[in-house]
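A short worksheet on the structure shown next.
Every chain is numbered from 1 and lettered A, B, ... according to where its sequence line falls, protein lines coming before strand lines. Because the structure is predicted, anything quoted here is derived from the model rather than measured.
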There are 2 protein chains.
Amino acid sequence: MRYSQSTELAIDSLLYMAARPEASDFSVEQVAAAQEVSASYLAKVFQQLVKAGVLRSHRGSKGGYALGRPLSLITLRDIAVVFEGSSPLYECDGYARTCSLGPKCLVKATFDEAERKMHEVLAKVSLQDVVAQAGQEAAWTAAHGCAPLPPPVAVTQADSVGQGGATS
Amino acid sequence: MRYSQSTELAIDSLLYMAARPEASDFSVEQVAAAQEVSASYLAKVFQQLVKAGVLRSHRGSKGGYALGRPLSLITLRDIAVVFEGSSPLYECDGYARTCSLGPKCLVKATFDEAERKMHEVLAKVSLQDVVAQAGQEAAWTAAHGCAPLPPPVAVTQADSVGQGGATS
DNA sequence: GACAATTTGGATAAGCAATGTCCGCATTGA
DNA sequence: TCAATGCGGACATTGCTTATCCAAATTGTC
């Protein structure tokens, strides 16, 4: 079980737009280039975000995409739901077996509760929060002079060398 | 995103065994028949549960499977982890894009926290809890002589005949 | 009105993990 | 030894995610 890559791509793309409030409309091409993804695929992702109201679209020449609401009203949960769906994570009817014990219900209730708690956490963090912390960390980085970004070398293979690096 | 059917099958099968404490060893055939699943597939599920210590296996003639520990020490989380894996739901590296904003970290931290809360809920409920509630509900049903289903509005036709079958 | 830039939606392929089956081997009690 | 059972590997099937392409619709600009 994993969050889809579409979810991650959507978050990254939205943050890209959020970090550039001076621009009003972003073309798929532009964002796709920034995220190093094909425009074809990003277009599909954006279409879903438009349907969900997270993005607005302007068609035609000079068209493009813009955020559909203020940053503070777009939570991580909003984005996740778009790509992961809203049906329960635990279905209780994967097979047509009779629920012989009857109250497997406690099982179902527990999984539902777990999912609810998860969404609760995601709903508490908006894109604005993320951008705000981004600013803070950027300031910290500048003050301490260590860059968290490796140089954009096109790593083809033999990557993920220092996998023990996450010591935090 | 969904919990796999293996997880659900595992839970149902374990509950089947838990509800029959008089029996010591269950063959795959027996449980598979009860769950209306092929023995081939259930065998694979059981093998994973053995590896995780949730089940014990006895090979050879008269062999079979038994619970690996007391019911109270088998939580829903234990079972879920077997089939869903323990790697984070949000990976942060689905694509090789540079994390241009730097602290997408807040995103990652939030998803990790959400997942942690989810596991917290699942870890609080053991198979013993489930069986216990099963007993309670069975008693309630027996006392009231009806399934806990609110009667719909003046339905006189004989629909869904055998729906009270959960009284095993 | 023509043209170019752009999103939209459908069709469809490619990839991959979950699901499901089969078979030979290993183990164990009778 | 024999039969019953679990073990492990190989493989087929299925469905969802990822990804691409193309024609159509929309809209600003000349």
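Taking the side chain to side chain donor-acceptor pair (under 3.5 Å) definition, one finds that Ser126(A) meets it with Asp129(A), sequence neighbours left out.
Remark: P of dG6(D) and CG of Asp25(B) are 9 Å apart, rounded to the nearest angstrom. Here the P atom of nucleotide dA19(D) and the CD atom of Glu36(A) are 13 Å apart, to the nearest Å. Between the CZ atom of Arg59(B) and the C1' atom of dA3(D) there is a distance of 15 Å, given to the nearest Å. In this structure, Leu9(B) places its CG atom 15 Å from P of dA18(C), rounding to the nearest Å. The NE2-C1' distance, from His58(A) to dT8(C), rounds to 15 Å in whole Å. Note: CD (Gln5(B)) to C1' (dG15(D)) measures 11 Å, nearest angstrom. Rounded to a whole Å, the CD atom of Gln47(A) is 6 Å from the P atom of dT8(C). Distance CD (Gln48(B)) to P (dG20(C)): 13 Å, rounded to an integer number of Å.
Considering only side-chain N and O atoms, Ser6(B) lies under 4.0 angstrom from the phosphate OP1 or OP2 of dT19(C). One finds no side-chain N or O of Tyr41(B) lying less than 4.0 angstrom from the OP1 or OP2 phosphate oxygen of dT21(C). Within the structure, a side-chain polar atom (N or O) of Tyr65(A) is placed less than 4.0 Å from OP1 or OP2 of dT8(C). Contact annotation: Ser57(B) does not reach the phosphate of dT5(D) (side-chain N/O to OP1 or OP2, under 4.0 Å).
Separation of the Tyr65(A) and Phe26(A) ring centroids does not fall under the 6.0 Å cut-off.
Across all strands, Phe26(A) comes closer than 4.0 Å only to sugar-phosphate atoms, never to a base (heavy-atom distances). Ser4(B) comes within 4.0 angstrom of sugar-phosphate atoms only, judged by non-hydrogen atoms across all strands, and of no base. No contact: Phe46(A) has no heavy atom under 4.0 Å from any strand.
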> Is there a side-chain contact (heavy atoms from CB on, under 4.5 Å) between Leu67(A) and Val54(A) once you walk through the steps?
Replying inline: CA-CA 6 Å; Leu67(A) 297 175; Val54(A) 174; 5.6 Å; no

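Ion pairing between Asp25(A) and Arg56(A) fails under the 4.0 Å rule for side-chain N and carboxylate O. A salt bridge between Arg116(B) and Asp112(B) is absent, with no side-chain N of the basic residue lying under 4.0 Å from a carboxylate O of the acidic one.
Comparing Ser61(A) and Lys51(A) by the nucleotide of DNA chain C whose heavy atom lies nearest to each, the residue mapping closer to the 5' end is Ser61(A). The nearest heavy atom of DNA chain C to Gly64(A) and to Met1(A) marks one nucleotide each, and the one closer to the 5' end goes with Gly64(A).
Between the axis at the start and the axis at the end of the helix from dG1(C)-dC30(D) to dA30(C)-dT1(D) there is an angle of 10°, using five pairs per end and rounding to 10 degrees.
Here the nucleotide nearest the side chain of Val50(B), chosen from dT20(D), dT26(D), dC7(D), is dC7(D).
Counting heavy atoms of neighbouring residues, nucleotides and ligands inside a 6.0 Å radius, atom CD of Glu29(B) does not exceed 12 of them.
With Ile74(B) as reference, Ile79(B) is the one residue of Leu49(B), Ile11(B), Ile79(B) to meet the side-chain contact (heavy atoms from CB on, under 4.5 Å) rule.
You'll find a donor-acceptor pair under 3.5 Å spanning the side chain of Lys44(A) and the base of dG10(C), going by distance alone.
Side-chain polar atoms of Ser6(B) and Tyr41(B) form a donor-acceptor pair below 3.5 angstrom.
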